[in-house]
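Protein chains get the first letters and strands the later ones, always in sequence-line order, with residue 1 at the start of each.
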4 protein chains.
Amino acid sequence: MSNSFGNLFRFTIFGQSHAPAIGVTVEGLPAGSPVDLAALQAFLDRRAPGKSPLTTARKEADVPELLSGLGPDGRTCGSPLTFLIRNGDQRSRDYEPLRYVPRPGHADFPAMLRFGESRDYAGGGQFSGRLTAPLCIAGGIALQQLAAAGIRVEARILSIGGERDPERFAETIFTAAGEGDSVGGVIECTILGCPPGIGEPMFGGLENRIAQAVFGIPAVKGIEFGAGFRAAEMTGSAHNDPFIPGPEGRILTEGNNHGGILGGMSTGMPIVFRAAVKPTPSIALEQRSVDIRTGEAVPLQITGRHDPCIVPRAVPCMEAAAAAALYDALLERRCS
Amino acid sequence: MSNSFGNLFRFTIFGQSHAPAIGVTVEGLPAGSPVDLAALQAFLDRRAPGKSPLTTARKEADVPELLSGLGPDGRTCGSPLTFLIRNGDQRSRDYEPLRYVPRPGHADFPAMLRFGESRDYAGGGQFSGRLTAPLCIAGGIALQQLAAAGIRVEARILSIGGERDPERFAETIFTAAGEGDSVGGVIECTILGCPPGIGEPMFGGLENRIAQAVFGIPAVKGIEFGAGFRAAEMTGSAHNDPFIPGPEGRILTEGNNHGGILGGMSTGMPIVFRAAVKPTPSIALEQRSVDIRTGEAVPLQITGRHDPCIVPRAVPCMEAAAAAALYDALLERRCS
Amino acid sequence: MSNSFGNLFRFTIFGQSHAPAIGVTVEGLPAGSPVDLAALQAFLDRRAPGKSPLTTARKEADVPELLSGLGPDGRTCGSPLTFLIRNGDQRSRDYEPLRYVPRPGHADFPAMLRFGESRDYAGGGQFSGRLTAPLCIAGGIALQQLAAAGIRVEARILSIGGERDPERFAETIFTAAGEGDSVGGVIECTILGCPPGIGEPMFGGLENRIAQAVFGIPAVKGIEFGAGFRAAEMTGSAHNDPFIPGPEGRILTEGNNHGGILGGMSTGMPIVFRAAVKPTPSIALEQRSVDIRTGEAVPLQITGRHDPCIVPRAVPCMEAAAAAALYDALLERRCS
Amino acid sequence: MSNSFGNLFRFTIFGQSHAPAIGVTVEGLPAGSPVDLAALQAFLDRRAPGKSPLTTARKEADVPELLSGLGPDGRTCGSPLTFLIRNGDQRSRDYEPLRYVPRPGHADFPAMLRFGESRDYAGGGQFSGRLTAPLCIAGGIALQQLAAAGIRVEARILSIGGERDPERFAETIFTAAGEGDSVGGVIECTILGCPPGIGEPMFGGLENRIAQAVFGIPAVKGIEFGAGFRAAEMTGSAHNDPFIPGPEGRILTEGNNHGGILGGMSTGMPIVFRAAVKPTPSIALEQRSVDIRTGEAVPLQITGRHDPCIVPRAVPCMEAAAAAALYDALLERRCS
């Protein structure tokens, strides 16, 4: 099902932006696995809005309630973990004008055709970026399991609106916001400490899995591993990473154009990927759309609070998606 | 399982480069679906080697034998289709020297650790590009079903070795080959005629599915949809595609930065994605590797025939992967 | 995952008897499907305890809260439905004595070995019969969709403790209860109105699916379709149901030894199966067990309130399991 | 997909009785697993026809060809195993008369409605008992893995046509055959040596899995575990198996009414189940059917060779189905 991800470590996200709640059920964590709820909360806080002047002011408590699966000793009992986040701060403004007028860059239009009259259009419904909170819960738990295995997942912003100097990220966002506009960016994620031989051939490779997870984050429009698109411009002799003897009998590569993955499997080198995040589609500037009832062109004005740039909040989401994909592959390795 | 792809339209690839055979079992095609074996063969021929001076001279017959699933009327009987390709042309040259010395850029090293002593290292084993033949069988069947629904999938080379002028592709490849080297490239795939509302939210979106399938093609290191990585440098006002009234009451977008997909679902606009294909890792130039038994650096010389550029042969593979992913989503739409 | 059932109509149950809550996420219901919450509650009430003198006095409110997936029009919006039941009535009695002394007939012993020290042993944990409430939510929704398609699922008690006269069921139960003992029974489930051709060959047949679902109800130890075990004693000429012309051009069978299923697919005749429910393992009589810490035999006395016979409450569970399995197959038929 | 079974150990059966071939692809066997092809052949021979006067005379070679997945050392290389059996002995007799006249007790009628005009009706098509040969290949491989783990799976005939004395089985079958009729029977399967704690809660329990697999054998109409349907007539005090100290610190139960499974998980006691096999539907006696084109009653005479009792040949199938289900659960245990 489309709201589920993973095979052995599998999670299922539910809820809509303006439903009573959103949440996630996480299955497949071996019984006895420790889950640090405080650390999980700290991870979720990285995604929460209102943390910086760069992000939306909507104050979501986003303190998930744990409904099941964890014992008093903080370890999984073997039953699924379910987390719940109440949707508290639902501004009473009316989404009704958006019911038949799709917002450019949003899922509205295909959702109208896919789900019909019954679709939940308030606040983006099931397509709301808010649904990345349960993704971060599941991924945050995976991150903890990976950390216990010596594997660290870290994402960072590489560029925002084309600007690659971190000191100018804020300025770029403020400028766009001031113009009623928005910007996107590129996030790079690095995974350190992954032992070689994790991942499967063909459609179960780390690239396949990570890509499937990462495209579950709204606004992601591209992903590349290692040298990525630049590899397409290189010669084989420049792109191939030679194998070299490393410390303690390990075998390393000189360079990491392969991004830590060959044949879908980890090589032991850092796993590196980059994802392109498009600019927030909700902008204050007037846009053009069509009323699907009449088929006539209408101007569209989106009101309310919106992040002029979701890239900062997408950073932990990227870590969460990558961790979920990798931890699933790690479990699979144990029985294969 | 990693050799399988899809949910309702599901195929499972088997075989290794030097096993008795490779093949594929295709499940989920509705009973009564026509399959044109001659057209399928023509599609497979586009992937076959030896078709042009640019590709390897290995002459694989690659005429699959159909074992089951199709009636004398050329329609599926409701049982899985299984196709078999015998591995005829196995040069007797010895892969033994490669057993313990991983080739840079290949799956050898992680495969050694993942599969151990029992791995099949001859000719790339299960990681051989030869396994894209069964992918093309499954995808070729999907292409036919999509065509019957008015959907056309077409891929083309966008650049080779950084060169974007098609008239100079051959020259670029010959130059690399002459230097004992190889080049990669970028392939763009366009899907026309897909009705809006196909695809699912979150992890079942068209981007997720297509990415999962496309990374199943060896050598793919990146994928982007619509404006892709360029979107990360745009403002929202420039990136958002306004909705406009189209002919016959249809609703279109002005521009296609979204690449025909919003919220994981088709919008009715052309679906456009690009994939980065790395340069062929097998090159004639001497490379550096390590003997995993001794941990010592050793020079590595790869002999035999190898495509100096696999991009031309990857074009139909890209169509096949995209078609399989889309057709699966199309079937899913029927019951949802 | 083991807490999930179904392919297109898929539900995932979470929670333990004494966790904060239990619940279920239901995916795959086509957008726009009506869900009648009042009718669902009425269905759940059939399973609830305390409804008759024959069942446990524990008063669970069992009024599920709907968290997501349904619009104000009572129709599914295309996002998963999640239901929550708070575990209110948790008697403070201590389950600690049961931590290391497995109760005969319960899951305790293998759960100790499967889940280790972290297992939740309070109130049966994830193995509690209480988890059939979320099963009934998911199945109850399936029942409504089937009803809309003209398909009716009805289960009834065939025998209790070997007694086949319904008028003596209560007496049989009271007698057992009075002796500190318990009884089981046989439930027969009949599905009327299922069109022919639903279900798939081999492992996706209606028998496979229904059996997989029904064995998810704790205490079920056997299932048979149509003549079932009696078929093993019949000759082919007696067992085969002849085809005969029916009204309105329909084709029926004379007799229904096949139980409405041939080759895993419905024939249009009533689908009939029977399930054996073992006697409640929790009995007041002293039993023998072993302390797994010392390996020594110890007497075991189970206190608290327990149904002397769970068969009456298992009746709606049987309908729920069958409905979920059949509705999943019905959706599958639409895209195949 | 319906032709596939299992999650980690997963096999996909293909082919029809009169297609060029039948076969199976087996995925998920850990790389390096030994597969003894001679022992596998010996196992398949137990299912083969023509071995005794009691079974059909059709002489199928049934010597599968291995296409992939096994190295010269007889160990799996990590790629799927695919086996092929050519359909050699296809009598030229015409199945055309059966095209529109469904045989009682066979899948013909629902298959006509499910698959339409394109269905393969020759020799039972994909519903032929012949498809149990690939099941036995997959299951036979699982049996070998289980044996290596000290687990033994053994099935035997418990009764034929109601007769429970093995010395009179042959007579019972001959009598039925002499009358142009057929008989069914009950098979009991016992699994010894399974460690406790294998299997999952709810829908992933051993009972669920084994039942799902066993109903994939044509003609099975019922399954029961341990005391099974008899449990429904017992009191809890009689049915509950007390735990007792065993040798070497093990914990056993006194009696095995629970059939070695509690809460879906193995207890370490022998796993015991029985399956009801209906009488062969193909009988020489004239039967009544309906021509689906005209809707009129027609007599039906089935010619050709048919087993008057398939129970003996179903014995290894039962072992295969049980082994595949158990081995899948065993692998799952390793990563959970």
Side-chain angles (χ1 to χ4, degrees), chain C residues 2-3 5 102 104-105 107 109-110 113-114 126-127 162 176 181-186 196-197 200-204 207-208 211-212 215-216 221-222 224-225 228-229 231-233 235-237 239-243 245 249 251 262-263 265 267 276 278-281 283 285 288-290 295 297, chain D residues 2-3 5 102 104-105 107 109-110 113-114 126-127 162 176 181-186 196-197 200-204 207-208 211-212 215-216 221-222 224-225 228-229 231-233 235-237 239-243 245 249 251 262-263 265 267 276 278-281 283 285 288-290 295 297:
Chain C
S2 68
N3 279 44
F5 179 82
F109 178 65
L113 294 152
R114 171 71 183 72
Q126 59 178 307
F127 297 95
D181 216 331
S182 65
V183 280
V186 174
E200 304 291 318
M202 293 203 192
F203 307 107
E207 287 144 331
N208 312 63
Q212 198 208 342
F215 278 113
K221 295 301 279 187
E224 60 177 10
F225 292 82
F229 276 88
E233 305 184 1
T235 58
S237 59
H239 183 265
N240 281 354
D241 301 307
F243 289 102
I251 294 176
L262 286 173
M265 298 168 294
T267 62
K278 73 179 184 185
T280 318
I283 55 175
L285 289 170
R288 287 174 290 145
S289 186
V290 173
Chain D
S2 69
N3 279 45
F5 180 83
F109 178 65
L113 293 154
R114 170 72 184 73
Q126 60 178 307
F127 297 94
D181 215 331
S182 65
V183 280
V186 174
E200 304 290 318
M202 293 205 192
F203 308 106
E207 287 144 331
N208 312 65
Q212 197 207 343
F215 278 113
K221 295 302 278 188
E224 60 177 11
F225 293 83
F229 276 87
E233 306 185 359
T235 59
S237 61
H239 182 265
N240 281 354
D241 301 308
F243 288 103
I251 295 176
L262 286 174
M265 298 168 295
T267 63
K278 73 178 185 185
T280 319
I283 55 176
L285 289 170
R288 287 174 291 145
S289 186
V290 173

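- Neither the backbone nor the side chain of A176(D) comes within contact range of chain C; no heavy atoms are under 4.5 Å apart.
- Contact record, P279(D) with A231(C): CD-O, 3.2 Å, taken as the closest heavy-atom pair.
- Minimum heavy-atom separation, A297(D) to P245(C): N-CG, 3.8 Å.
- Of the possible donor and acceptor atoms, none in the side chain of E207(D) sits under 3.5 Å from a partner among the backbone N and O of K221(C).
- Note on G204(C), P102(C), P201(C): by heavy-atom pairs under 4.5 Å with chain D, the leading option is P201(C).
- With a 4.5 angstrom heavy-atom cutoff, F127(C) touches chain D only via side-chain atoms.
- The aromatic rings of F215(C) and F225(D) sit perpendicular, their planes meeting at an angle over 60°, well past the 30° parallel limit.
- Proximity to chain D involves both the backbone and the side chain of I251(C), based on heavy atoms less than 4.5 angstrom apart.
- For L285(D), the part lying under 4.5 angstrom from a heavy atom of chain C is the side chain only.
- Nearest heavy-atom pair across A107(D) and G263(C) is CB-CA, 3.7 Å.
- In terms of heavy atoms, K278(C) sits closest to L262(D) at NZ-CD2, 3.7 Å.
- For the set G249(D), P242(D), A232(D), the count of heavy-atom pairs under 4.5 angstrom toward chain C peaks at A232(D).
- In this structure, chain C has a heavy atom under 4.5 Å from the backbone of T280(D), while its side chain stays farther away.
- A search for side-chain hydrogen bond (donor to acceptor under 3.5 Å, both in side chains) contacts involving E200(C) returns R114(D), not counting sequence neighbours.
- Ranked by heavy-atom pairs under 4.5 Å with chain D, the first of D181(C), V186(C), V183(C), T267(C) is D181(C).
- Nearest approach of A276(C) to G228(D), heavy atoms of both residues: CB-O, 3.8 Å.
- One distance of note links CG of N240(D) with OG of S182(C); it measures 6.5 Å at 0.5 Å rounding.
- Heavy atoms only, all atoms of each residue included: Q126(C) and M202(D) are closest at O-CE, 4.0 Å.
- Annotation: the span from D241(C) atom CG to F109(D) atom CZ amounts to 12.5 Å, rounded to 0.5 Å.
- With chain D as partner, the option from G222(C), G105(C), G236(C), G295(C) having the largest number of non-hydrogen pairs under 4.5 angstrom is G236(C).
- Interface remark: N3(D) contributes backbone and side-chain atoms alike to the contact with chain C (heavy atom separation under 4.5 Å).
- Separation of atoms CD1 (I283(C)) and NE2 (H239(D)) is listed at 11.5 Å; rounding is to 0.5 Å.
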